[in-house]
Amino acid sequence: MTALGHKKRKNRASDADHGAPRKKKEKQDAGTCTEPSTSEFRVTKATMTLSVPPVFAGSLRAGVEEMLDSMIMRYIPSLCGVLLSHSNLQFLSPTASINADCPFAICNVTFDATIWSPSIAMKLVGKIVLYSPDHVSLLLHRTFNVSIPRHHIPQDVWEFEYGPVENDPEYGDGAVGSIVGEEGDEGMKDGDGEKAEGEAIPEASGQWVHRVTGTKLGGTDGFLEFAVIGKTVANEMLSLQGSIQPDPFSEEHSQSGKSSRKKSAK
């Protein structure tokens, strides 16, 4: 057989290989976000590659657990949520690898992760902690921040009612009951915290009230149901944007939609 014929047959074999469908390598990764669940909390089997400092060379498990502990209450992009707890730590390999002169031990581990990961359009209930003319702030599970901007509050149902100004005689240092004796102060120290947890925080600047009935937004207990319309990650902390509009994802309630309508009106 000539060398030319051998080359042709080799080229045909390579062409056939290119034409054949190739199987994609399965990559075991905890960072692939799953489909939105019905619950804001989920437990998943996570897989991570961690670089353990050399101080834990005698006990890699202790080093990995300390690194995972440092991730708790932080937003982890690979988990698509905030890590709340971890358990059942396992090493995927009996040995760790060290690359070149780097003293860090590279370990592949898997563990059960409890994650807070609310989905867009999910309905949640938070407690109002701040009334403002341009937004309402809430706390979710006494931990996570939620902001409902003004354009996501139905203006035909709710209106902002401003409170008294600081130089009002009924407000400030001259108001009746503002001066409390020492005995009263001591009494408030014990029960004030429990009372604050059960009641909405009053704001001197005003509050959102119903246009017809005059009832305060959130009622007497201060709890308000909202729809999640956005997420913000800053400094490894996750906060939510909410809406109480009947159609929260309508372009009518977006700031870009409002600005475009203003331009067209001009």
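Predicted model, so just to flag it, every value in this text is computed and none were measured.
- Within the 4.5 Å cutoff, the side chain of Gln207 has no heavy atoms near those of the Tyr162 side chain.
- The shortest heavy-atom contact between Leu68 and Leu83 is O-CD2, 4.0 Å.
- Counting heavy atoms from C-beta on, the side chains of Phe104 and Pro54 come closer than 4.5 Å.
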Verdict with reasoning, Tyr75 to Met237, per side chain to side chain contact (heavy atoms under 4.5 Å, CB included): CA-CA 6 Å; Tyr75 180 83; Met237 298 296 294; over 6 Å; no
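- Following chains of ILVMFWY side-chain contacts shorter than 4.5 Å, one can reach Ile120 starting from Leu140, so the two form part of one hydrophobic cluster.
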Check step by step if side chain to side chain contact (heavy atoms under 4.5 Å, CB included) holds for Leu84 and Ile72. CA-CA 5 Å; Leu84 301 179; Ile72 290 179; 5.8 Å; no
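- Scanning all heavy atoms of the two residues, the minimum distance from Phe144 to Leu238 falls at CD2-O, 4.2 Å.
- Between Phe41 and His141, the ring centre distance stays below 6.0 Å.
- A donor-acceptor pair under 3.5 Å is absent between the side-chain atoms of Lys216 and the main chain of His210, judged by distance alone.
- Centroid-to-centroid, the aromatic rings of Tyr131 and Trp208 stay 6.0 Å apart or farther.
- In this structure, the side chains of Arg42 and Cys80 come closer than 4.5 Å at one or more pairs of heavy atoms.
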Report the C-alpha separation of Ile148 and Ile244 in whole Å, then their side-chain angles, then the decisive distance to 0.1 Å, and conclude whether the side chain to side chain contact (heavy atoms under 4.5 Å, CB included) test is met. CA-CA 8 Å; Ile148 301 178; Ile244 57 174; 4.0 Å; yes
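- Using a distance-only test at 3.5 Å, with no hydrogens or angles considered, a donor-acceptor pair links the side chain of Ser70 to the main chain of Met67.
- Taken to the nearest 0.5 Å, the CD atom of Glu225 stands 11.5 Å off from the CG atom of Leu138.
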How far apart are the C-alpha atoms of Ile115 and Val43, what are their side-chain angles, what is the distance that settles it, and do they pass the side chain to side chain contact (heavy atoms under 4.5 Å, CB included) test? CA-CA 6 Å; Ile115 303 168; Val43 178; over 6 Å; no
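- Pairing each heavy atom of Pro246 with each of Pro154, the nearest pair is CD-CG, 4.4 Å.
- Under 3.5 Å, the side chains of Asn108 and Thr49 contain a donor-acceptor pair of N or O atoms.
- In the hydrophobic clustering of this structure, Leu50 groups with Phe91; members are Ile, Leu, Val, Met, Phe, Trp, Tyr whose side-chain heavy atoms approach within less than 4.5 Å, directly or through other members.
- To the nearest 0.5 Å, atom CD1 of residue Ile153 and atom CD of residue Gln245 are 8.5 Å apart.
- Between the side chains of Ser117 and Glu40, no donor-acceptor pair is found at a separation under 3.5 Å.
- Nearest heavy-atom pair, Val228 versus Leu124, reported as atom, atom and distance to 0.1 Å: CG2-CD1, 3.7 Å.
- Between the side chain of Thr110 and the main chain of Ala46, a donor-acceptor pair closer than 3.5 Å is present.
- Under the side chain to side chain donor-acceptor pair (under 3.5 Å) test applied with Asp112, the options Gln90, His86, Lys45 reduce to a single match, Lys45.
- For Arg74, the CZ atom is loosely surrounded, since the number of other residues' heavy atoms within 6.0 Å does not exceed 12.
- Rounded to the nearest 0.5 angstrom, Leu130 CG and Ser147 OG are separated by 9.0 Å.
- Here OG of Ser137 is found 7.5 Å from CG of Asn145. Values are rounded to the nearest 0.5 Å.
- Listed here is the closest heavy atom pair of Leu240 and Lys231: CD2-CG, 4.0 Å.
- Although no hydrogens or angles enter the test, the distance criterion places a donor-acceptor pair under 3.5 Å between the side chain of Arg150 and the main chain of Pro133.
- Looking at heavy atoms from C-beta onward, Ser243 lies out of side-chain contact with Phe226 at the 4.5 angstrom threshold.
- Met48 places none of its side-chain heavy atoms less than 4.5 Å from the side chain of Val64.
- Atom CZ in Phe160 sits 11.0 Å away from atom CG in Leu217 (nearest 0.5 Å).
- The nearest pair of heavy atoms linking Trp158 to Thr215 is CZ3-O, 3.5 Å.
- Residue His151 holds its NE2 atom at 10.5 Å from CG of Asp134, rounded to the nearest 0.5 Å.
- Under the 4.5 Å side-chain heavy-atom criterion for Ile, Leu, Val, Met, Phe, Trp and Tyr, Leu60 and Val55 are members of the same hydrophobic cluster.
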